[in-house]
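Notes follow once the structure below has been shown.
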Amino acid sequence: MEHKRPVAALYGVMAEFDDTTALVDAARRTYAEGYRKFEAYSPFPIHDLFEAMHIRDKRVSLLVLLGGLTGMLTGLGLQIWVSAVAYPLNIAGRPYISWPMFIPVTFELTILVAAFAAVFGMFALNGLPMPYHPVFNVERFAMHASQDRFYLAIEANDPKFDRAATRSFLQSLGAKDVSDVEE
Amino acid sequence: MSQIFHRTTNIYSRLSILAAIVLAATLGGVVGLLHLSGYNTNQNMPVEQPVQFSHAHHVGGEGIDCRYCHTSVEESAFANIPPTKTCMNCHSQLWTTAPILEPVRASFRDNKPLHWTRVHDLPDFVYFNHSIHVRKGVGCATCHGRVDKMPLMYQQANLQMNWCVNCHRNPAPNLRPRDQVYNMAWEPPANEPDLGERLMKEYKIAGPEQLTSCSTCHR
Amino acid sequence: MKAEPVYAPPPVIEPGHTFQTVTEQIAGIVLTRRHPYSWFFGLFVGFMGSMMLLMAITWLLIKGTGIWGVNIPIGWGFAIINFVWWIGIGHAGTLISAILLLLKQDWRTSINRFAEAMTLFAVVCAGIFPLIHTGRPWLAAYWLLPYPNTMGIWPQFRSPLIWDVFAVSTYLTVSLLFWYVGLVPDLATLRDRAKSLPIRRLFGALSLGWRGAARHWERYEEAYLLLAGLSTPLVLSVHTVVSFDFTIGIIPGWHSTIFPPYFVAGAIYAGFAMVLTLAIPLRVLYHLEDFLTMRHLENMGKVMLVTGLIVGYGYVFEAFFAWYSSNTYEQYMVYNRMFGPYWAFYWSLILCNIVMPQFLWKKSIRTSPAMLFFISMFVNVGMWLERFEIVVTSLHRDFLPSSWGWYWPTRWDIMTFFGTIGLFIMLFFLFIRVLPMISIFEMRTIVPAAKVKGAKAH
Amino acid sequence: MSSSIKSRLAGSHGRVYWRSLGELADTPEFREYLHREFPEQASEWNDPKGRRQFLKLMSASLALAGVGACTKQPTEEIVPYVRQPEDLVPGRPLFFASAIPFSGVAHPVLVESHMGHPTKIEGNPEHQASLGATDTFTQAAILGLYDPDRARAITNRGEIKPWGLFFSAMLSAGSQQKGRQGAGLRFLSGPITSPSMAEVMASVLATFPQAKWHQYDPISSDGARAAALAEGAGGDAIYHFDKADVVVTLDADFLTCGPGSVRYQKDFATHRRITEERKEMSRLYAIESTPTLTGAKADHRLAMKASEVEGFGRQLAGAVGAPAPAGPASGATDPASVIGKWLAAIAKDLQAHRGRSLVIAGQYQPASVHTLARSINQALGNVGSTVTYGPSIEAAPTDHTASLTDLVRAMDAGQVDVLVMLGGLNPVYSAPVDLKFAEKLKKVNLSVYHGLYVDETASLCQWNVPDAHPLESWGDSRSFDGTVTITQPLIAPLYDGHSAVEVLATLTSQPDRRGHVILKDYWTRAFAVGPWTIRSGDGQPFKNFDAFWRRTLHDGFINGTAVADGGPATPFGVMAVPAAVPITTAVAGMRADQAAAGAAPAPQPPPAAPATPPPATTTAPPQAATGAQGGLELIFRPDPTVWDGRFSNNGWLQELPKPLTKVTWDATAWVSPQLARERGLEDGDVIELRYRGNAARMPIFRVPGHPQQSVTVFFGYGRQKAGNVGNATTSAQAFNAFLLRTSDAPWFGSGLEIAKTGERHPLAVTQEHHVMEGRAPVRVATIEEYKKEPKIIAEQGETPPRTLTMYPEYKYEGYKWGMAIDIGSCTGCSACTIACVAENNIPIVGKEEVASGREMHWIRVDHYFAGNEDDNAVEAYHQPVPCMQCENAPCELVCPVAATTHSSEGLNDMVYNRCVGTRYCSNNCPYKVRRFNFLLYQDWDTQSLYPMRNPDVSVRSRGVMEKCTYCVQRINQARIDAKREDRDIRDGEVLTACQQVCPSDAIVFGNLNDPNSQVSKLKLQERNYGVLESLNTRPRTTYLAVLRNPNPELEPQASRSTTEH
């Protein structure tokens, strides 16, 4: 029989696995079970896991596309405005808009803004920075999640979440150790 | 305790990022505005002079023509600062004992020139020519402001390159009939909106290509 | 039935490694207190070099460009030579991390981290030169950037130097982002391994609270791939733009369409040489033979051989074009390179860049760290000489014989050059002390245990 | 020098000889060696100020650099006049007509003055001797005025004294001498053409009958003078090249040496210029020893030893049937020999052009050669047409060497109590070495030195009186054609200077008269009763003196005083005017004779003077000089830029590349390539020259076309007390040709031994490579070829069609400035370079910087040799290269900050204040005409140079690029003036500085959109071409090809071009 600690609020229940196969397998079954608000944690990316959890987020790519376009237009616009509108000057007998010579800068700006979009977009979508997170309350998670252990946490606000049932379900997945995650 | 940060850190971390961005923006803005302002070029700053000469009194009050003192304005790049003699033409009769004029009398007596401080001081690599501007119908007041209302002379325009070039690109709005050049109070006539264009043609004023060529002002 | 024996490439990681061992060995280097004395020595050398650089630059600012050997007609000397050389070196890093990633070359995993660091530091060193080589750096520092100003004057976007400004700064920024993104999971690892709270907090802050959630990994991977996709054309464009500095000019020896490709090839060539120069001592120093295996060294050797041949092709065709063009100036330029006052430079360049790498055809040499190190050194020198040839010998005799001249560096040129090398060394030694020099989380992916059994291979 | 370099030098053969030291520069030893010579920046390290500054900035260098950009302007003052001069319009220059005397002869000028500072000197276009042009020395005089090293105070034994004290000293000296009839009184000056000065001198000699006046100028043609004196009155030759179709020089450099050279260049060029109308050109044969610019222009040049010229002349005389005084004939006489062929051809050509030919004797050849030339000209009937002989413009022409020898003998004998040396001739430095002037000077009781500098002589004299610069003083002097030209001051003496006439006047009966008084007094009386024929411009006499004087000061010269207009010889005597001066007519007459006697041995023809054997007889007979006894011939020449050292402290002239060698800042000994090969010598090797018991050292320079058995040394270097600019380093003090000069052979002599010292002296050369490498920057054809096929010029290069571009053409409405340079006329005199320096505030960078390839000249004069190294008749071409103002300017394209852009009139503008100094533009300039301020070249410390700078041109600071602007300041001023008058700029209203000064009118500038402008017409000529047009740069500056007019008999018409090398 287990003894319950009094907890303020519960973030969810977390199970630890010690290899990738177990985690992926667990993830797949959790999804099959109907859980949606759950998250798997691993020290490195596992592609099978994404499939198992049906994760598909295209927004980063979209952001990059938009960023690229912005950069391109800014670059081209700036150059044309500067050399033809702001202060038109006869440079070496070239026309004011000698577009072939504007390509390099346009290109570089495209890349630059796109790269910003990729990185900051990714962090933003991931909700980072987030130095504090409930999962770190789990001692072993904090020790191993970034190194050599694999975790799966079902969140309390999942409609299907039931503390006891979920715990037992996780144990049934062959988790080494299941623990509550405090808010 | 396995948490190394308090839960509030999340807010702070995001706020701090936001703050950094805002701070950078404001700093940049402030520096930028200062840079664009006339501060660097002493715009609107009255200048200490050896003699408290008042244009307001001489031009506004007495109605003396600019060219009485600035003799070379029509033939030379330099409009000329009058020799002490010019002052003494009148002030050997008027205010002959006024203490304020002592430096002038002293200069005339011991043949020592007065040392005025430049008010409109362009960088040495800029070659401005008064004679041609006057000839083409640019009024004194256009650049120097209502000198007849200035007890102490100050620089009204910011004299930044942009300011010069704006007019060189499109002189029309700043042109007036030649006979009005020295008229401080002249206002563009309401009944003739396209006066500028007319004068452009009449005075054969060159197009922007020539007026904005670098060597027009820099050599 | 028994399977046919198929060719299996030598492993990119020695057998017997687990997540734990990988993590411990790499993270250990950062988190341990003790450090080999050689590290302190290296740092000291680097520091001294940086001081020399500071001194040289200060004197330059006091006296003016005249303290260098530049003159008319040779308006560009060491400064631009070094700039191109450093930029070139930088390229390998991005190439390894981006292009090899896209090509799914898993052997890149154990070298990309410090190759990227090398890129950053090389670009920093390179970036110094375009600024200080100007007559009035205090103005060049911001007049080359488009910002609203009181003069109503803007940069002149037809000038390759402006392209440089944008290319190099973009390159630096993107490389930095790429590097940092790669670091985040490792910083998390360090956070969790570090003992003292301040250190943990420090790494915690830098890792932004990374927790390895699958959804994060998914976006992370996508972003990382996209970055790679962006960096690849970027890295090619950067050296293309650098080569434009010359090809846009009309000077014989500069005005040549072959420059962009062979500059890029040369850059990769030089870059890999520098990676080898750094990797070979490192793996011994920090006992990383397991991660930097023979396979890595050999592959880099192969890349050098290929790019070296491309560069050689460039040289041959420069000469061929000159002959084929039947243009007096072009022909004299080539003749002058080979037999003019600077003939010695040309032939030693050929020796370093064309002759030496041919040894790499031989597997025994490709697999001997000592030999690789030796050859990579030659290539480093050779690529510098190449830039010397392009800049100096093209300029010193151009069109009118009356204005021909000659160039020789002064002590200040040389101090500045070696100063940047010192700066590079200093930065690099600091890096290997405070950050994992090999990407830990990516190493984990190539540990056998990382394989998901029963999963369909992708 | 390390052995490896020696071996490489030894290894260099054939063409290599005129390649450069630069090619050796790739050996570290050489650099090491150079660094020892110029410890680059070591000075700053050791100089405490520099070091402190360094430590100050060491901490935060980069940060500090940023601050420089954003500082506010300092407040400026305006200081108006108290009483403003009438005719002065502030901000606009005034021009005054004046004269800069050179060796006593006037060079007429117009001086530009800004707010009371003279800033630029132009030639006086009204004056026949100038027609608007000047030579380099006159251009550089402006720097001489502001030279901070000028003598600044009257001193007695080094102590500063007021003029009054000197004055009384002279009076007392005078009164002492009175008793002895002035027996112990001696004057030494250069030749005097100034009528007023001559009169003062005469009156002084009248007061002191026993006193003697000696004349000495180290560079004066005693030969010509002796020959002239032998003819009696009217023996001085004036040439008229505008009439001469065939010119033969006997070692004469009439284009660049001598007072007439400016006018001679004009006439010569005009008479040779091919235009659409005129298709004939004159032919020039140069028989010369040392290569000269005249020889470079010759259609045929024959090099021979200076001592053989006389023989050649004698044979030529024989060939044209002119009576020739007996004397040595040159070795070769048989018609098969080279000399024989030449003689035949030249004689034939001369005969064919009787009355239209001209033979000129070299100013450095003995009297006998001048006599020969005269008799040949007479025989050919040239006298009166191409050459006229008139009275001397010198008062009391004298054999200078004899005169100085006479003085020194007197000094040695202790007969000289008072020696007054006038006009800054520096005998201690420049007197023939055998006279030992310095040591004899010690025997003089009271020595007074009057000059611009405290030089070698001044420092050995008791009294030093600073001379007044011509721009500071009143005076008159005569130009080569005899026109009396007035010198008037533009600025009060900067350093308490007094003109020579004022110093001399202290010994007259009115001792304290200033120059102006003396001058005006003389001309008042001369106007009344002078020997002068004074007429106004329209040939009518003036109605009164004031009209005359106003006119004269306005014009700068006195009409009708030219020899051609019957101007008399400069009177040497006291004018007889009652009551003007307290001496009666009778006395005056008598005095004049006495004076003449006083100026002994002036009147007697030198050959008769026993004391001094005339130079003519000292000429070594050729066979003696053929090197049989191993001796070489030594030839002396004045330095082309610092002359005899009188311009040593003039940085502009020091930095002006010397014609033919392009060496700056140093004297070199010229040898032929063959001799150099024999002796294993390379450019810059220091040799020791031993000659008649004297020795000197000099770095050598190999000059093709130099006579093989001769060595030419140049005066003017090795100065010890010239000033900060001109002082020689201890190692270079031996590079002094005066150490070798003896009084018996002032210009050449045999018996020279040279020895390689093994030392090297690094030379700062602005052009190291003098062959065209088949690139034809200079295009050449003979007049025959050109007449036959004008395309021959265009065919020497390729010009892409204007349609060959992906961009639309830029239209230039309004003005479209362009320039055409006729290299057929250019003589390479380099006056354009100096004029440009003066007009555009171009800094002096110094020898080290020039040696590192950093000279700043906006217009350079390129020089190319063509022909075989061993061929004496090697051709030389000169090509002035300013900015080409390309329409598709490669420089503009690559500037990152738009600091160089195109103006609407097609000028390639350079905006200094925008430039950040990437030097990319210079790299990309195919003509390499851009110049960069690598260091802070402008002299900000020397206050005295401030007023010299042209206020209309920005003074460039460190780190910015600069280049020729077509004198945009002049264009802008003209445009503004034209606009104010609602008209267009007239053709010829804008003259660029180089164009204005050019004595041969080789440079023409104007509006290409005006079909009638002179430049448009020139560009229509078939011989007009652009350099490197194949690059499609579309240069606005184009060139008119060189046309040569060789004699078919001497040059078979093989199709020749300079490009096959």
Side-chain angles (χ1 to χ4, degrees), chain B residues 31 34-35 39-42 47-48 69 71-72 74-86 88 107-119 121-127 129-132 134-136 203-219, chain D residues 70-85 88-92 115 810-815 840 898-914 950-957 965-973 975-977 979-982:
Chain B
V31 172
L34 202 62
H35 170 67
Y39 168 76
N40 283 347
T41 55
N42 299 330
V47 184
E48 214 28 56
C69 299
T71 47
S72 56
E74 283 178 322
E75 51 214 305
S76 162
F78 177 50
N80 192 21
I81 296 299
T84 318
K85 174 87 173 54
T86 312
M88 293 306 283
S107 148
F108 200 64
R109 213 182 307 117
D110 354 351
N111 206 16
K112 293 245 169 44
L114 289 160
H115 288 241
W116 301 94
T117 313
R118 248 187 191 288
V119 176
D121 185 9
L122 290 172
D124 295 354
F125 47 74
V126 179
Y127 289 86
N129 187 307
H130 273 99
S131 64
I132 191 61
V134 168
R135 175 67 185 171
K136 296 291 178 183
Y203 296 163
K204 300 204 197 68
I205 289 170
E209 294 80 11
Q210 201 238 296
L211 290 183
T212 60
S213 289
C214 305
S215 57
T216 306
C217 310
H218 303 293
R219 337 162 178 157
Chain D
C70 42
T71 45
K72 292 183 73 162
Q73 285 197 70
T75 51
E76 276 182 20
E77 279 190 337
I78 306 184
V79 183
Y81 285 90
V82 174
R83 295 171 181 77
Q84 185 167 320
L88 180 131
V89 177
R92 291 198 75 116
M115 308 289 282
Y810 190 95
K811 286 269 164 295
Y812 293 96
E813 272 86 20
Y815 306 112
N840 292 304
T900 179
T901 67
H902 241 59
S903 85
S904 61
E905 296 169 356
L907 295 183
N908 169 233
D909 291 343
M910 180 69 222
V911 191
Y912 314 118
N913 39 302
R914 176 67 177 173
N950 182 350
D952 294 335
V953 177
S954 303
V955 176
R956 284 80 59 193
S957 191
T965 62
Y966 272 171
C967 285
V968 67
Q969 65 278 12
R970 295 184 175 198
I971 298 176
N972 285 359
Q973 190 56 56
R975 191 198 299 114
I976 287 173
D977 292 347
K979 277 181 170 180
R980 286 220 322 276
E981 296 159 25
D982 286 325

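As a basis for the values below, the full set of heavy atoms in this structure was taken, side chains included, without hydrogen atoms, waters or symmetry mates. Note that this is a predicted model, so its numbers are computed, not measured.
Separation of atoms OH (D/Tyr912) and OG1 (D/Thr900) is listed at 10.0 Å; rounding is to 0.5 Å.
For chain B, the option among D/Gln969, D/Arg980, D/Met910 with the highest count of heavy-atom pairs below 4.5 Å is D/Arg980. Note on D/Thr75, D/Val953, D/Thr965: by heavy-atom pairs under 4.5 Å with chain B, the leading option is D/Val953. Interface remark: of the candidates B/Ser213, B/Pro113, B/Pro83, B/Pro83 forms the most heavy-atom pairs closer than 4.5 Å to chain D. When B/Ser215, B/Ser107, B/Ser72 are compared by the number of non-hydrogen pairs under 4.5 Å with chain D, B/Ser215 comes out ahead. Note on D/Pro951, D/Ala898, D/Gly814: by heavy-atom pairs under 4.5 Å with chain B, the leading option is D/Pro951.
Side-chain N or O atoms of B/His218 include one that pairs as donor or acceptor with a backbone N or O of B/Phe125 at under 3.5 Å.
For the pair D/Lys979 and B/Lys204, the minimum side-chain heavy-atom distance is 4.5 Å or more.
Atom CG of B/Asn111 is surrounded by more than 12 heavy atoms from other residues, nucleotides or ligands within 6.0 Å.
Proximity to chain D involves both the backbone and the side chain of B/Arg118, based on heavy atoms less than 4.5 angstrom apart. The contact between B/Tyr127 and chain D is made entirely by side chain atoms (from C-beta outward), counting heavy-atom distances below 4.5 Å. Interface remark: B/Thr216 contributes backbone atoms only to the contact with chain D (heavy atom separation under 4.5 Å). Interface remark: D/Glu813 contributes no atoms to any contact with chain B (heavy atom separation under 4.5 Å). For B/Lys112, the part sitting under 4.5 Å from any heavy atom of chain D is the backbone (N, CA, C, O) and nothing else. Heavy atoms of B/Pro82 lying under 4.5 Å from chain D belong exclusively to its backbone. Proximity to chain B (any heavy atom under 4.5 Å) is restricted, for D/Thr901, to the side chain, taken from C-beta onward.
Ion pairing between D/Asp952 and D/Arg970 fails under the 4.0 Å rule for side-chain N and carboxylate O. Salt-bridge annotation for D/Arg914 and D/Asp909: absent, with no side-chain N of the basic residue lying under 4.0 Å from a carboxylate O of the acidic one.
Under the 6.0 Å distance and 45° angle rule, D/Arg83 counts as a cation-pi partner of B/Phe108.
Among B/Val119, B/Leu122, B/Thr117, B/Asp121, the single residue meeting the side-chain contact (heavy atoms from CB on, under 4.5 Å) criterion with D/Glu76 is B/Asp121.
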